[in-house]
Protein chains: 2
Amino acid sequence: MNTFTEENYLKAIYHLSLQSSSVSTNQIAASLNTKAASVTDMLKKLAEKGLINYTKYQGVTLTAAGEKIAVSIIRKHRLWEYFLVEKLNFKWDEVHDVAEELEHISSKELVDRLDDFMGHPKYDPHGDPIPDSNGLFKTHELKPVATLVINENGIISGVRDHSTAFLQYLERMQLTIGKKIKVTEINDYDHSVILQVEDKKVHISREVANNLLIAI
Amino acid sequence: MNTFTEENYLKAIYHLSLQSSSVSTNQIAASLNTKAASVTDMLKKLAEKGLINYTKYQGVTLTAAGEKIAVSIIRKHRLWEYFLVEKLNFKWDEVHDVAEELEHISSKELVDRLDDFMGHPKYDPHGDPIPDSNGLFKTHELKPVATLVINENGIISGVRDHSTAFLQYLERMQLTIGKKIKVTEINDYDHSVILQVEDKKVHISREVANNLLIAI
DNA sequence: TAAAAAATTTAGATTAGTCTAAATATTTTA
DNA sequence: TAAAATATTTAGACTAATCTAAATTTTTTA
Ligand SMILES: [Mn+2]
Ligand SMILES: [Mn+2]
Ligand SMILES: [Mn+2]
Ligand SMILES: [Mn+2]
């Protein structure tokens, strides 16, 4: 099929495509911690295989075939993360690196049975949607807590930053997926926000409010 | 750590070491479907890393460090096979290839938690012992059904041939791990054997009797 | 709109793993 | 115990993925 490395490139291009329609060499290099020259080489190979549309100096988009592969990798990544948290009692901040390896296990039978075993979960531990066996999933509409006004409420449904540091911080503050929150105060000076979470008040910075997402 | 390929070499050397004390270049090449020249190159690298004892033309043995890695790969292989059969409802003849990939997932935390989740199984679906988290396991004593005499009985506890064809044949004959069998007849001419298995008689060839193992 | 800056590609190396063919060592056998 | 046969290693080449440095293209800016 495709190498481990090719799969990682396709996944990176897919994620970057959600931001901008066309993806640049440097964006890919940054996201994969590699050099632009290496990216150019790989882009030629992926174009050769019909997985991306590539014109020199013009950036790339995924073809339908490339997107299908990218989505299947993402399905595996998120299902494994769900498994690790729900069945093996990992914390939500501990699963990403292991899932980066598990997502490359090739058996489709395996991932489909894993999906059955867990009852077809719709979202991974970070609130990201899990594509079904046909690659279909809702791109759910989320917005940052920072966009709420006083007295607005919502349900925590995702994060924009997946770093261990951020996830651990949220865990400590009890700002986890599914929690109902209400904005009680917004600081004019630094745009920090005070939330009502269950029976407690939690004070978060503008940065945190930007990276914490609620369902619309 | 070590590459996927290095791990496969160590595992192959480990398995071959169970037969003969020292393992030859050609034996390794055959077991990994590669060429002797490639094996020589890898042996130099593994010796350099202190994982094998290698003297030109004299074959190799694992060092303690090499054996530790080999056993940890085998632990992962067998635990994943158990998981696939017991939790995901794979058949015992369908799990080996997937486990060949899963055994290279590096997280020790993952495999230890998987072990916990499944209640620390002692044997994999083919009857092979699963090393514990410290690499310890009983090398259980098994002997081929072919060594039994008339009226001797035993419990099916392992296989010498792990091929899909053989496992499917055994499944069809209901000769699966844990079944109690008794030798009722041995054919002088072709050494085929008739077994009593539960309420049925099963006729197996000498070859099958040699590859089907019972606890001593 | 021409020069400067930034982005991207090309050229040329490097490393891991593999191969074939040739050379060398070991083992078998007569 | 010296050929012959077999096993193993070496030599030299190839592919995938990576890198640095140089060349080229695109974009920005003055
Ligand atoms: Mn993740
Ligand atoms: Mn996730
Ligand atoms: Mn196996
Ligand atoms: Mn097994």
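So that the names make sense, note that chain A is the first sequence line, chain B the second, and so on, each numbered from 1.
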Tell me every residue that passes ring-ring contact (aromatic ring centres under 6.0 Å, His included) with A:H191, counting only those two or more places apart in sequence or in another chain.
none
Base, sugar-phosphate or nothing for B:F4? Non-hydrogen atoms, less than 4.0 Å.
nothing
Taking any heavy-atom pair under 4.0 Å as a contact, classify A:Y9: base, sugar-phosphate, or nothing.
sugar-phosphate
Mind checking side-chain contact (heavy atoms from CB on, under 4.5 Å) for A:E94 and listing every partner two or more places apart, or none if nothing turns up?
A:F90, A:K91, B:R113
My understanding is that only residues two or more places apart in sequence, or in another chain, count here; which of them pass ring-ring contact (aromatic ring centres under 6.0 Å, His included) with A:H120?
none
Side chain of A:K35 only, heavy atoms from C-beta on: which candidate in D:dC19, C:dC19, C:dT8 is closest?
D:dC19
Within residues 13-31 of chain B, those residues having any heavy atom closer than 4.0 Å to DNA chain C are none
Please list, for nucleotides 1-6 of chain D, all pairs of protein and nucleotide N/O atoms separated by less than 3.5 Å.
none

Side-chain N or O of A:T34 closer than 4.0 Å to phosphate OP1/OP2 of D:dC19:
yes
Sorted by first residue and then second, give each salt bridge (Lys or Arg N to Asp or Glu O under 4.0 Å) pair with at least one member in residues 49-72 of chain A; sequence neighbours left out.
A:E6-A:K49
Shortest non-hydrogen contact from B:S192 toward B:S205:
CB-CA, 4.0 Å
Give one of base, sugar-phosphate or nothing for A:T5, where a contact means two heavy atoms less than 4.0 Å apart.
sugar-phosphate
Between B:K44 and D:dT10, is there a side-chain N or O to OP1/OP2 distance below 4.0 Å?
yes
Extract all donor-acceptor atom pairs below 3.5 Å that involve side chains of residues 141-149 of chain B and protein atoms in other chains or at least two apart in sequence.
from, atom 1, to, atom 2, distance (Å)
B:T147, OG1, B:P144, O, 2.7

For residues 3-27 of chain B, the ring pair (Phe, Tyr, Trp, His ring centres under 6.0 Å) pairs (sequence neighbours left out) are B:F4-B:H104
Rounded to the Å, how far apart are A:E6 CD and D:dT15 P?
15 Å
Please enumerate all residues that pass side-chain contact (heavy atoms from CB on, under 4.5 Å) together with A:S106, with sequence neighbours excluded.
B:E101
Just how far, in rounded Å, is P of D:dT25 from OH of A:Y54?
13 Å
Below 3.5 Å is the cut-off: list the nitrogen or oxygen pairs between protein and nucleotides 25-28 of chain C, distance only.
from, atom 1, to, atom 2, distance (Å)
C:dA25, O4', B:Y57, OH, 3.4

Considering only distance and modelled atom types, tabulate donor-acceptor pairs under 3.5 Å from the side chains of residues 25-42 of chain A, sequence neighbours left out.
from, atom 1, to, atom 2, distance (Å)
A:Q27, OE1, A:S24, N, 2.8
A:Q27, OE1, A:S24, OG, 3.4
A:T40, OG1, A:A36, O, 3.2

Taking atom types as modelled, is there a side-chain donor on A:T164 or A:D93 under 3.5 Å from an acceptor on the other?
no
Listed partners of A:Y169 passing side-chain contact (heavy atoms from CB on, under 4.5 Å), at least two apart:
A:R172, A:M173, A:I204, A:V208
Could you state the CD-C1' distance from A:E48 to D:dA16, rounded to the nearest angstrom?
15 Å
Nearest to the side chain of B:D41 - C:dT8, D:dT18, C:dT18?
C:dT18
Tell me whether the side-chain N/O atoms of A:S38 come closer than 4.0 Å to OP1 or OP2 in D:dC19.
yes
